[in-house]
*Asks:* 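My questions all concern the structure below.
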Amino acid sequence: MGSPGDKVVELFDGGPLAFCNPYPVDGRVSWHAAGARGWAPMNSYLLAGTETAVLIDPGLSIHREDVLEQVRGALNGRELVPLLLRQGEFDSICNVAPLVDRFGVRRIYGEFPDAFLWADVVTDPELFASALDAGLENLQLRPGETLEIEGYGGLEALPATLRLLNTLWLFDARSGTLFTSDSFSYLVSDEATGPWVLDAGEEDRTTVAAVAEHLVTTRYWWLRGADVGPIRDWLRDVFASREVNAIAPAFGRIVRGSEAVARHLELLDGAIARLGSEQSGPVADRRFERA
Amino acid sequence: MPIVPQPLPRELAPGLHWLGDCQLVEHEGEILHSYNSLYLVCGEESSLLVEAGFPEDHRVVVNQLETLLADAPPLRHIWLTHEETPHAGNIGRLLEHFPAATARGDIHDYHLYFPELEDRFEPLETGDSIDLGNREFVAVQAEIRDLITTQWGFDSGARALFPGDGFAYAHHHSADQCGHVVEEVEQLDLAAQSALFAHYALHWMRFVDMRPYLERLERLIDEREVAIACPTHGLPITDPRAVLPKIGAGLLSLQASATSS
């Protein structure tokens, strides 16, 4: 599946780097519909300023060595500061302790002021001890606050009305990149080599029905029959009040370019509206499907 | 170190033990505690651990387990309600510490988090059971959940329901409340604490009519003849039929406040 460097995408000149590390969508991953097949990227994003580089979501254990190499290749002597968008979920935090150990991390941002306590899940006892000894400073990034990255710009933290578990959305005004955590996460590729970015003008056969199916069979099972008005209002306001040039989800292909962004906003909003108009019912359990 | 002088582990019923530690939560200047509980179910042949617990509690939990397992059948199963770190955070370390144990439940995704332990995860579908000797542990439908992969569990020996995030509420930073079942703590406002927990952790309830969920929960309690409810984030409940209306009032108030705002 290529070298670590093959999976690094510079979203915009001078803008975020995306580390798009692929995993198979084969029925064993709960944030994709049970019948979905292909490959999806688990995305970590690096925003590099003069002295610090913020890494949004350190990603999965299966990608540990790739993430470490990708960070090494981009850090250039800066201080690495992980920012956890879903500090209670493994897909966001698996590599925190390895990053702390490898790069001497001293500060971690999360939505709560004890991010590392939630993220310390490694089985390697040496990594665990190393991280504890590091004297980490756990910092809180609250909705409505802006994290200033000197030499880069501000990273705005948005409260996420569309969410299942605790998370934030982030907006990088410099590049117009909207980091949407577990939303807009439905795009996959047929191949293990990607592509991981959907640019405006590329063929895109995504439908409202497909997005609705994705939502209701994964993390947004509760949308069917729900009061979705506040969610739709919030979603449209986020995009209307910012110049969004890219939608950067935690997993799934990234959407880049204003036309593609506008189309996928309509798709997601349309899917939420459709589900809200349906009758709610008991939530079926997922069934185990092995490749 | 434990948060307070540690009242756990506590035996709730023959062969049913409550483990874990409190997590401090600050709310409007007040210190609340929220448990990240685990439960050990001991049959005649094997023991099963409900949940793997919050990462910070690893050492506390292992000490509690080693104390209990010194006089109990070996730990063979670690069943998880779902994969959030307050519930499953220590699963990797526990599997390393107890090499004869297997992680059970809905095992989607764990191959991505613990690839080195992939063969230690075995699915348990809703409706399937594990025979512990003189009692069975059954995976049942989660009537209140966040992740779609959530399961609840039921122990036939104590007629105990393990509802994960169901019946979730905080208690007060006071030695009089930690380590108690809710019936022993009269001054705890269950409706308010239930609403508060849902406000912070069960965001989806603001947008959904909770009455059908509560009705199904009541039916589950009746059909299974649940004698004790053992939530992950609340004090255990020895009279779930009496407590459910208070919990329900809290959840319905959350929905009402979301509608009016």
Side-chain angles (χ1 to χ4, degrees), chain A residues 23 27-31 34 42 60-64 86-91 93-94 112-114 116-125 128 160-161 163-167 216-231 276 280-290, chain B residues 23-26 54-58 82-97 106-117 123-127 139 141-143 145-151 200-209 212-213 216 255 258-259 261:
Chain A
Y23 57 91
R28 293 189 296 163
V29 182
S30 69
W31 53 85
M42 181 62 66
L60 299 169
S61 297
I62 60 166
H63 300 136
R64 175 184 297 185
R86 294 172 310 290
Q87 69 183 63
E89 299 193 64
F90 286 102
D91 65 270
I93 64 167
C94 280
F112 306 125
D114 55 358
F116 188 69
L117 300 182
W118 293 63
D120 186 23
V121 298
V122 292
T123 56
D124 183 335
F128 176 61
T161 299
R163 61 179 171 89
L164 174 64
L165 299 172
N166 287 307
T167 191
V216 81
T217 58
T218 61
R219 298 168 65 88
Y220 293 97
W221 52 267
W222 50 273
L223 282 175
R224 180 170 278 146
D227 176 18
V228 298
I231 299 171
S280 62
V283 179
D285 280 337
R286 289 184 72 105
R287 288 291 172 256
F288 297 101
E289 295 186 27
R290 293 196 176 273
Chain B
Q23 182 179 8
L24 268 61
V25 178
E26 185 175 346
F54 188 61
E56 185 189 18
D57 298 340
H58 174 65
H82 61 294
E83 64 184 70
E84 257 189 298
T85 59
H87 299 259
N90 284 315
I91 187 58
R93 293 191 181 122
L94 288 177
L95 289 175
E96 294 276 347
H97 196 87
D106 187 312
I107 62 165
H108 283 82
D109 311 325
Y110 289 103
H111 62 293
L112 304 173
Y113 313 145
F114 301 105
E116 74 280 11
L117 296 171
L124 184 72
E125 294 206 28
T126 299
Q141 170 102 357
E143 300 299 351
R145 67 178 71 193
D146 43 41
L147 293 170
I148 197 171
T149 50
T150 304
Q151 289 181 338
Y200 281 111
L202 297 168
H203 174 75
W204 60 271
M205 290 187 178
R206 297 157 206 248
F207 308 102
V208 168
D209 181 359
Y213 292 86
R216 287 199 294 271
Q255 183 190 3
T259 302
S261 64

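Below, chain A is the first sequence line, B the second, and so on; all start at residue 1.
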*Asks:* Where on B:E83 is there a heavy atom nearer than 4.5 Å to chain A: the side chain, the backbone, both, or neither?
*Replies:* both
*Asks:* Determine the interplanar angle of the A:W31 and B:Y113 rings, folded into 0 to 90°, and report it as parallel if under 30°, tilted if 30 to 60°, perpendicular if over 60°.
*Replies:* parallel
*Asks:* How many angstroms lie between atom CD1 of A:I231 and atom CZ of B:R206, to the nearest 0.5 angstrom?
*Replies:* 10.5 Å
*Asks:* Where the side chain of A:W118 meets the backbone of B:F54, is there a donor-acceptor pair that is under 3.5 Å apart?
*Replies:*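 Checked: no pair found.
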*Asks:* Counting heavy-atom pairs closer than 4.5 Å to chain B, which one of A:A226, A:G276, A:G225, A:P230 comes out on top?
*Replies:*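 The answer is A:A226.
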*Asks:* Nearest 0.5 Å, please: how far is OG1 in B:T85 from CD in A:E89?
*Replies:* 8.5 Å
*Asks:* Counting heavy-atom pairs closer than 4.5 Å to chain B, which one of A:A119, A:S61, A:P113 comes out on top?
*Replies:*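 Ranked by contacts with chain B, first place is A:S61.
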*Asks:* Looking only at non-hydrogen atoms, find the nearest pair between A:N166 and B:A201 and report the distance.
*Replies:*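 Between these two residues, the closest heavy atoms are ND2-CA, 4.5 Å.
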*Asks:* Only counting residues at least two apart or in another chain, list the ones meeting ring-ring contact (aromatic ring centres under 6.0 Å, His included) with A:Y220.
*Replies:*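 A:Y220 satisfies ring-ring contact (aromatic ring centres under 6.0 Å, His included) with A:W222 once adjacent residues are dropped.
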*Asks:* Identify which part of B:E143 has an atom lying under 4.5 Å from any heavy atom of chain A, answering side chain, backbone, both or neither.
*Replies:* neither
*Asks:* Take A:V29 and B:H111 through the side-chain contact (heavy atoms from CB on, under 4.5 Å) test and state the conclusion after the steps.
*Replies:* CA-CA 9 Å; A:V29 182; B:H111 62 293; 4.3 Å; yes
*Asks:* Using a 3.5 Å distance criterion without hydrogens, assess whether the side chain of A:D120 forms a donor-acceptor pair with backbone atoms of B:P55.
*Replies:*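 Side chain of A:D120 to backbone of B:P55: no pair is present.
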*Asks:* Can you tell me how far CG of A:L164 sits from CG of B:D146, rounded to the nearest 0.5 angstrom?
*Replies:* 5.5 Å
*Asks:* Stepwise, does the side-chain contact (heavy atoms from CB on, under 4.5 Å) test hold for B:I148 with A:R219?
*Replies:* CA-CA 6 Å; B:I148 197 171; A:R219 298 168 65 88; over 6 Å; no
*Asks:* Nearest 0.5 Å, please: how far is CG in A:D124 from CZ in B:R93?
*Replies:*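 B:R93 atom CZ to A:D124 atom CG measures 10.0 Å (nearest 0.5 Å).
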*Asks:* With B:H82, which residues qualify under ring-ring contact (aromatic ring centres under 6.0 Å, His included), at least two apart?
*Replies:* B:H87
*Asks:* So which heavy atom on A:W221 is nearest to which on B:L147, and how close?
*Replies:*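 Nearest heavy atoms, A:W221 then B:L147: NE1-C, 4.3 Å.
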*Asks:* Please check if the side chain of B:H203 supplies one atom and the backbone of A:L165 the other of a donor-acceptor pair under 3.5 Å.
*Replies:* no
*Asks:* Using a 4.5 angstrom heavy-atom cutoff, name the option from A:V122, A:V228, A:L223 with the most pairs to chain B.
*Replies:* A:V122
*Asks:* What's the spacing between A:T123 OG1 and B:L117 CG if we round to 0.5 Å?
*Replies:* 6.0 Å
*Asks:* Just verifying a value: how many Å separate A:D91 CG and B:D109 CG, rounded to the nearest 0.5 Å?
*Replies:* 8.0 Å
